[in-house]
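Keep in mind that what you see is a predicted model, and the values were worked out from it rather than measured.
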Amino acid sequence: MSGPVMSGPVMSGPVMSGPVMSGPVMSGPVMSGRRAMRAAAAVATALSTDGRTLLHRLASAPPLTLRQTGPYTVHLVSTAAGPLGGDRLHLDLDVAPRTTLELGSVAATLVLPGDGESEMLVTARVGAGATLRFAPEPTVLAAGSRHRLLVRLELAADAEVRWREEIVFGRHGEAPGRCHARFDATCDGRPLLRQEFTVGDPVLDTSPAVYGAARCVGTTFLTTTTKEPAVAEGVAVLPLAGPGTLVSALAGDAVLLRSRLEWGERAATTSMP
């Protein structure tokens with residue numbers, strides 16, 4: 001398998017409160033009649049007196065619109081185009097001790113060109129005995145876009161997490177935009193994983209030591225610690241030096257990428273010590 005260089009030191013009852021909705025803040029230069037957006041959304045859970053997960057807070061701002069789809073499941077619904085160049089978006093997740101949150105999206109995120117670089121920052125805190133499953137649909141880098149994807153994840157020592165990210169190199173038949181992705185995870189206050197890679201550099205994208213002929217790249221971070229590494233075509237499962245496992249995959253299309261990541265996730269969980 002060829003791929004980016006990876007490095008590292010290495011659910012319950014009904015909801016008791018409804019969503020709080022707020023609008024986006026728009027600033028910066030006009031781009032085809034649209035100003036750059038500053039938007040934030042947040043989800044916070046709480047534990048009920050009878051041990052159920054409650055969605056204590058659900059705050060949205062287009063294009064980051066959140067909809068509750070299950071007792072502890074939330075989906076992102078895009079209610080505006082973007083992110084476009086110049087946009088700054090922030091999603092904040094706070095999973096209280098002994099609660100569960102599952103977060104997905106109803107469609108892929110299409111990153112479009114605009115005036116400058118766009119940014120998507122996801123911060124998450126997962127408390128003691130809590131569970132977070134984060135698996136949005138892929139991010140597609142349209143030609144000419146410039147994007148930063150930043151994840152900051154803080155875990156309690158016994159938190160359980162499955163965090164999947166998928167990036168598609170442009171729409172059908174077009175060159176990809178440029179993206180710098182960084183993932184920082186800490187466990188009990190100590191560094192667990194520091195990883196970053198770039199898509200959209202023609203030299204790197206075509207190198208057999210990086211992406212080769214692949215059109216998609218994806219990773220899944222699991223707090224499960226696999227017993228030993230596993231490798232198959234286009235996918236690698238690597239235990240971290242601390243508690244946890246990293247699944248990394250490349251593929252020619254998004255369907256195959258998802259299949260390879262799911263294979264790696266199963267391999268990681270079935271080979272636990």
Between [X] (side chain) and [Y] (backbone), is there a donor-acceptor pair under 3.5 Å?
| X | Y | answer |
| --- | --- | --- |
| Asp115 | Gly86 | no |
| Ser145 | Leu141 | no |
| Thr245 | Thr226 | yes |
| Asp158 | Gly129 | yes |
| Glu262 | Ser259 | no |

Trace of the side-chain contact (heavy atoms from CB on, under 4.5 Å) decision for Met120 with Leu64: CA-CA 10 Å; Met120 178 67 183; Leu64 298 177; 4.0 Å; yes
May I ask whether [X] and [Y] are part of the same hydrophobic cluster, defined by side-chain heavy atoms of I, L, V, M, F, W, Y residues being less than 4.5 angstrom apart, directly or through others?
| X | Y | answer |
| --- | --- | --- |
| Leu204 | Phe169 | yes |
| Val77 | Leu66 | no |
| Leu150 | Val199 | no |
| Val168 | Leu110 | yes |

Under a 4.0 Å N-O cut-off, is there an ion pair linking [X] with [Y]?
| X | Y | answer |
| --- | --- | --- |
| Asp184 | Arg194 | yes |
| Arg178 | Glu117 | no |
| Asp188 | Arg190 | no |
| Arg57 | Asp94 | no |
| Arg38 | Glu119 | no |

Taking side chain as C-beta onward, heavy atoms only, is [X] less than 4.5 Å from [Y]?
| X | Y | value |
| --- | --- | --- |
| Val74 | Arg67 | no |
| Arg125 | Asp92 | yes |
| Phe221 | Val161 | yes |
| Leu112 | Pro83 | no |
| Leu55 | Leu101 | yes |
| Trp163 | Val122 | yes |
| Leu193 | Leu246 | yes |
| Leu103 | Leu76 | yes |

What verdict does the side-chain contact (heavy atoms from CB on, under 4.5 Å) test give for Val237 and Val231, after you've listed the backbone C-alpha separation in whole Å, the side-chain angles of each residue and the deciding distance to 0.1 Å? CA-CA 6 Å; Val237 181; Val231 177; over 6 Å; no
Taking everything shown except Arg146 itself, do over 12 heavy atoms lie less than 6.0 Å from its CZ? no
Crowding at CZ, Arg182 (>12 non-hydrogen neighbours, <6.0 Å):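 Enclosed.
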Under 3.5 Å, is there a donor on one side chain and an acceptor on the other for Trp263 and Glu265?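 Note: Trp263 and Glu265 side chains miss the donor-acceptor criterion.
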Quick one: pull up [atom1] in [X] and [atom2] in [Y] and give me the separation to the nearest 0.5 Å.
| X | Y | atom1 | atom2 | result |
| --- | --- | --- | --- | --- |
| Leu257 | Leu261 | CG | CG | 4.5 Å |
| Ser48 | Arg98 | OG | CZ | 10.0 Å |
| His90 | Leu121 | NE2 | CG | 4.5 Å |
| Glu196 | Leu149 | CD | CG | 12.0 Å |
| Cys216 | Glu166 | SG | CD | 8.5 Å |
| His180 | Thr198 | NE2 | OG1 | 5.0 Å |

Testing the basics here: between [X] and [Y], what is the closest heavy-atom pair and its distance to 0.1 Å?
| X | Y | answer |
| --- | --- | --- |
| Gly252 | Leu256 | N-CD2, 4.4 Å |
| Pro113 | Leu84 | O-CG, 4.1 Å |
| Ile167 | Ala181 | CD1-CB, 4.4 Å |

Could you go through Glu165 and Phe134, starting from their C-alpha distance and side-chain angles, then the distance that decides it, and tell me whether this counts as side-chain contact (heavy atoms from CB on, under 4.5 Å)? CA-CA 8 Å; Glu165 293 279 3; Phe134 182 88; 3.5 Å; yes
When Thr45 is tested against each of Thr131, Thr53, Thr99 for side-chain hydrogen bond (donor to acceptor under 3.5 Å, both in side chains), which residue passes?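 Considering Thr131, Thr53, Thr99, a side-chain hydrogen bond (donor to acceptor under 3.5 Å, both in side chains) with Thr45 is found only for Thr99.
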Full working for side-chain contact (heavy atoms from CB on, under 4.5 Å) between His75 and Glu137: CA-CA 10 Å; His75 276 78; Glu137 295 303 305; over 6 Å; no
